[in-house]
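Computed from heavy atoms alone, side chains included, the values below leave out hydrogens, waters and symmetry copies. Proteins come first, then strands; the chains are lettered A, B, ... in the order of their sequence lines, and each starts at number 1. Because the structure is a prediction, the values reported are computed rather than measured.
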Amino acid sequence: MDYQFKEIEKKWQGFWAENQTFKAEQTSEKPKFYVLDMFPYPSGAGLHVGHPLGYIASDIFSRYKRLKGFNVLHPMGYDSFGLPAEQYAIQTGQHPALTTEQNISTYRRQLDQIGFSFDWSKEVRTSEPSYYKWTQWIFMQLFDAWYNQETDRAENISTLVEKFETSGTAGIKAAADEDVLSFDATEWAAMSAEAKQTELLKYRLTYLRESTVNWCAALGTVLANDEVIGGYSERGGHPVEQKKMMQWSMRISAYAERLLQGLNTVDFPEPVKEMQRNWIGKSVGASVKFPIENHAGHIEVFTTRVDTIYGVSFLVLAPEHELVAELTTPEQKEAVENYIAQTRKKSELDRMADTKTVSGAFTGSYVLNPVSGERVQLWIADYVLAGYGTGAVMGVPSGDQRDWLFATHFGLPIVQILDQQADLDKQADPTKEGQYINSGIINGMGYKEAIETLNKWLEVGKFGKAKINYRMRDAIFGRQRYWGEPIPVYFKEGIPYLIKEEELPLLLPEVDKYLPTETGEPPLGRATNWSYEQQYEYELSTMPGWAGSSWYWYRYMDSKNESAFASAEAIEYWQDVDLYIGGAEHATGHLLYSRFWNKFLKDLGYVKQEEPFKKLINQGMIQGRSNFVYRVMDENGKSTNTLVSHGLKNDYKTTALHVDVNIVDNEVLNIEKFKAFRPEFANAEFILENGKYICGVEVEKMSKSKFNVVNPDVLIENYGADTLRMYEMFLGPLEQSKPWNTNGIEGVFKFLRKFWRLFHNDAWAFQVSDVEPTKAELKALHKIIKKVQDDIERFSFNTSVSSFMIAVNELTDLKSNNKQVLQDMVIVLSAYAPHICEELWTLLGNEPGTLSYAAYPVFNPEYLVEDEISYPVSVNGKTRMNLSISSTMEAQEIEALVLANEQVQKYLDGKSPKKVIVVKGRIVNIVV
RNA sequence: GCUCAGAUGGUGGAACUGGUAGACACGCAGGACUUAAAAUCCUGUGACCUUAAAAGUCGUGCGGGUUCGAUUCCCGCUCUGAGUACCA
């Protein structure tokens with residue numbers, strides 16, 4: 001029979017599901033391999049052709065690893081809490097659980113028809129109580145923990161309480177809020193229970209605190225920094241403003257250094273590492289206290305160039321700095337207040353966009369330079385950010401361009417501090433070269449020595465010290481939304497307490513509407529009869545989208561466990577994710593949070609590895625490729641009912657209209673289908689070129705409104721899943737972004753048919769021969785065995801597909817139907833095109849379903865050895881001819897042989913060669 | 001501005017450690033089969049110049065360098081894409 005992909009694919013998908021072919025063993029003698037795809041959010045639109053790209057790659061890898069004798073865990077599930085379902089619920093009143101369920105079944109149906117080897121027995125959904133029970137449990141562990149910088153790990157809060165009880169805060173080094181109190185053991189003992197809880201909250205790894213947050217009014221919720229892009233929300237693109245609110249936060253900053261160091265141990269794409277490094281934003285410098293003139297206090301600044309301290313000619317505070325009001329003199333009051341009012345009016349966006357204009361106001365106060373004792377003006381300006389460092393900077397105009405502009409604009413002095421600084425009247429010179437001048441105790445020193453000297457001097461005089469600063473802020477954890485995990489906390493006297501562990505999961509209550517209450521409480525405030533022990537209020541915000549996805553790879557290891565998030569045995573066996581494939585958009589969000597929670601769980605001894613993901617691959621984005629038709633306009637600029645082909649459009653005035661890419665084949669418009677697609681053009685005139693209507697092309701985002709969405713269902717219907725899988729890989733390197741173009745899928749389909757034909761005679765009857773394979777057949781086979789193995793190991797899936805085509809072309813030319821050779825071919829190809837291979841595998845007489853666990857053929861290099869090698873011979877670097885020479889011949893003999901050749905002599909034209917280069921097995925080059 | 005990635009035929013792309021640039025596929029052209037079309041199969045296909053055939057010249061964004069030899073390594077530049085942006 002001809003290649004009947006529809007029947008074959010349906011049959012084997014059914015077989016795999018029924019027999020649980022891809023169920024991972026819980027324990028095994030085999031080495032483990034964990035292949036994970038990034039958790040999808042099941043959106044209502046279903047899959048387009050770009051989504052499965054990474055899944056196909058990871059599936060090929062999983063299938064390959066099984067053939068190589070590994071026990072493979074390759075699961076799939078859904079990150080099913082999230083905003084879109086809730087927005088839809090607000091519009092329609094439908095419970096988000098319902099729409100989520102529907103979306104998941106669409107997703108599942110689409111995934112199933114591509115033939116993935118997922119172990120569906122391990123499926124998880126973050127919105128299921130049996131799952132979010134453990135998300136809540138992890139939250140409770142974080143609440144019950146503090147970060148001990150002495151031991152450099154998280155510990156249970158009880159070890160902190162013990163320290164307080166024995167010696168108070170003396171000697172405690174913790175990652176904590178800035179406003180922690182100092183006390184001794186007696187004072188601690190004397191504190192009320194509420195006061196103790198308030199104090200402990202400042203140390204917990206998840207804590208409630210008044211913080212400045214990104215408030216998105218349109219979404220009615222706060223957002224984390226990574227969910228805000230350029231002042232707008234990542235989802236929906238709504239404006240975001242700064243607002244002070246009581247908020248749950250995660251003390252991720254405690255892990256800043258470990259998150260940074262861990263990047264050196266993982267195999268991630270360099271851009272992802274770089275983005276995480278930038279996000280963490282480590283800078284090494286010093287904090288310096290500038291005493292305020294006629295005032296008991298001081299201004300603390302952070303600087304990475306403490307060596308430039310003698311060049312300080314002013315100090316700048318952020319307009320929001322807490323000391324601004326107090327330090328503004330009566331004469332300057334008006335100017336300062338005007339300036340603050342003016343800054344407030346500017347949105348965050350304007351402030352970022354306008355980096356050219358220099359602005360600021362003098363407070364009228366002075367501070368004293370601690371090293372020189374010099375009097376320095378204190379200013380405010382909005383280029384200083386309240387949220388970074390101490391919200392104050394020292395202005396060194398000679399070394400910093402921004403300070404230089406500020407000083408020039410306001411007529412402040414510019415002091416040269418290094419003898420090598422040049423052109424200070426034109427711009428700042430940030431050099432570290434040369435020796436210091438005008439610089440008191442560091443005069444004559446170089447950069448390194450100056451830094452050390454000053455740091456020591458500052459520390460001795462208690463004016464400051466060397467300090468490391470991180471840009472990364474703690475992550476806001478609460479969302480004022482409905483469709484998320486409830487936070488397992490209740491309030492007594494305004495203080496948060498955890499519910500009891502045996503009360504988990506804290507179920508999401510039913511509400512009448514998915515909107516905030518009249519008093520502005522989050523939607524959970526609408527729940528009736530929802531309180532802890534009938535009297536205490538529950539926390540009303542829910543967890544953010546990233547909560548459930550920050551630990552899910554552990555749940556896959558043991559997804560049904562009711563007494564732990566995963567058993568210790570499962571974690572001991574599976575350890576970590578060996579290969580993680582997903583989009584680059586999660587570089588700073590999901591991947592940082594997951595690494596953070598993983599490190600935390602490791603500190604508490606629940607997991608084994610410091611890093612959760614050994615190797616990460618970002619698959620490229622598939623862009624849309626839009627097609628256009630061109631409607632002619634008349635002299636008055638009015639649209640006509642005439643459409644002109646792309647090549648002739650410059651002869652007319654036209655408007656471009658999107659046309660559905662599914663009715664365009666190689667840029668040729670199917671006019672009949674077009675008339676049906678746009679009835680208003682049923683009677684349109686078409687100006688053709690060579691009898692065809694050629695469409696224009698542009699690369700855009702794939703979206704419904706641009707009519708460029710290609711649905712995998714359609715391609716599977718026409719060509720089958722095996723063709724789709726191979727074609728997606730054939731498009732190009734996995735990591736490269738590229739526009740989708742269905743042109744060319746025919747080639748892959750033809751290849752599979754040709755492969756099928758190798759096993760069949762002209763009458764389409766299955767027929768293979770049992771004789772010993774020929775040398776040529778073995779050569780073709782072993783070439784592909786090696787090539788596919790090498791390609792998969794370096795994630796170069798596109799080149800494998802080409803090589804398969806070459807192998808099948810070779811075997812077709814050899815008229816091979818050798819059973820031994822073809823059976824090995826089936827195994828090698830099965831990772832890419834599993835359905836057709838399962839079918840041929842059983843036709844060859846093997847037990848159904850055993851292909852997935854067959855052994856990958858062993859490569860034997862002997863079959864590739866050639867007796868004769870065709871040497872390209874070049875003269876002065878230009879290839880002139882090929883000479884067939886025995887492969888055993890040594891360089892000297894080859895040289896003699898080549899020079900004796902008649903044709904070579906012709907090129908030498910009587911001259912004697914200056915030099916002859918012979919690379920054995922490669923090339924001969926003659927220099928004349 | 002900064003950081004990173006990239007630029008190869010009409011198109012997607014290949015060339016893995018510096019060794020025959022353009023594999024494989026699409027498209028296109030011609031042919032076979034067919035009453036015809038579709039499907040299938042065969043042949044050709046970087047550009048230029050010329051031809052009966054052969055040969056020749058140029059050619060991996062641009063300019064230079066290293067080398068017997070560069071798509072590959074080095075320096076400078078242009079363009080495209082992504083990320084990031086007053087971070088002290």
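- Because its NZ or CZ atom is both nearer than 6.0 Å to the ring centre of Phe859(A) and within 45° of the ring axis, Lys786(A) counts as a cation-pi partner of that residue.
- Partners of Phe804(A) according to the ring pair (Phe, Tyr, Trp, His ring centres under 6.0 Å) rule, which considers only residues two or more places apart in sequence or in another chain, are Tyr832(A).
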**Prompt:** Given pairs defined as Watson-Crick or G-U wobble with both distances under 3.5 Å, what dot-bracket annotation applies to RNA chain B, with ( ) intrastrand, [ ] crossing, | other strand and . unpaired?
**Reply:** (((((((..(((......[....)))((((((.......))))))(((.......)))..(((((..]....))))))))))))....

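- Across all strands shown, Asp400(A) has no heavy atoms under 4.0 Å from either base or sugar-phosphate atoms.
- Across all strands, Pro733(A) comes closer than 4.0 Å only to sugar-phosphate atoms, never to a base (heavy-atom distances).
- Using a 4.0 Å heavy-atom cutoff across all strands shown, Gln736(A) reaches sugar-phosphate atoms only and no base atom.
- Applying the ring pair (Phe, Tyr, Trp, His ring centres under 6.0 Å) criterion to Phe797(A), with sequence neighbours excluded, gives no partner residue.
- The residue among Gly744(A) and Met275(A) whose nearest nucleotide of RNA chain B is located toward the 5' end is Gly744(A).
- Ranking C4(B), C24(B), U40(B) by closeness to the Ser802(A) side chain, first place goes to C24(B).
- Annotation for Ile417(A) and Ser398(A): closest pair CG1-OG, 3.7 Å, computed over non-hydrogen atoms.
- The phosphate of U40(B) (OP1 or OP2) has no side-chain N or O of Arg757(A) nearer than 4.0 angstrom.
- In this structure, His646(A) NE2 and Cys695(A) SG are separated by 9.5 Å, a value rounded to the nearest 0.5 Å.
- When the nucleotides C24(B), A88(B), G13(B) are ranked by their closest atom to the side chain of Met805(A), C24(B) comes out on top.
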Protein and nucleotides 55-57 of chain B: nitrogen or oxygen contacts under 3.5 angstrom:
from: G56(B); atom 1: OP1; to: Arg880(A); atom 2: NH1; distance (Å): 2.9
from: G56(B); atom 1: OP1; to: Tyr907(A); atom 2: OH; distance (Å): 3.4

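- The shortest distance between the side-chain N/O atoms of Asn809(A) and the OP1/OP2 oxygens of A25(B) is below 4.0 Å.
- Nucleotide C24(B) holds its P atom 19 Å from the CD atom of Glu746(A), rounded to whole Å.
- Both tests hold for Lys432(A) against Tyr447(A): distance to the six-membered ring centre under 6.0 Å, angle to the ring axis within 45°.
- Rounding to the nearest 0.5 angstrom, the gap separating the CD atom in Glu585(A) from the CE atom in Met38(A) is 7.5 Å.
- Residue Arg473(A) is classed as having no contact, given no heavy-atom separation below 4.0 Å to the nucleic acid.
- A side-chain donor-acceptor contact under 3.5 Å links Arg305(A) to the backbone of Pro430(A).
- For Arg277(A) and U84(B), the CZ to C1' distance is 15 Å, given to the nearest whole Å.
- Sorted by residue number, the members of residues 722-730 of chain A with any non-hydrogen atom under 4.0 Å from RNA chain B read Phe730(A).
- Whole-Å rounding puts the Lys701(A) NZ to A82(B) C1' distance at 15 Å.
- Protein atom CD of Glu270(A) is 8 Å distant from nucleotide atom P of A5(B), rounded to whole Å.
- Between the CZ atom of Arg402(A) and the C1' atom of G1(B) there is a distance of 14 Å, rounded to whole Å.
- Nucleotide G76(B) is shown with an anti base, its glycosidic torsion being more than 90° from 0.
- Within 4.0 Å of Val927(A), counting heavy atoms only, lie sugar-phosphate atoms of the nucleic acid but no base atom.
- OP1 or OP2 of C26(B) lies within a sub-4.0 Å distance of a side-chain N or O belonging to Lys750(A).
- The line from CZ of Phe749(A) to CG of Asn718(A) is 9.5 Å long, rounded to the nearest 0.5 Å.
- With RNA chain B read from its 5' end, the first of the two nearest nucleotides for Ser737(A) and Tyr388(A) is the one closest to Ser737(A).
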Contact list (N/O, under 3.5 angstrom) for nucleotides 16-22 of chain B vs protein:
from: C16(B); atom 1: N4; to: Lys787(A); atom 2: NZ; distance (Å): 3.0

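- Here Asn798(A) does not reach the OP1 or OP2 of C24(B): none of its side-chain N or O atoms lies under 4.0 Å away.
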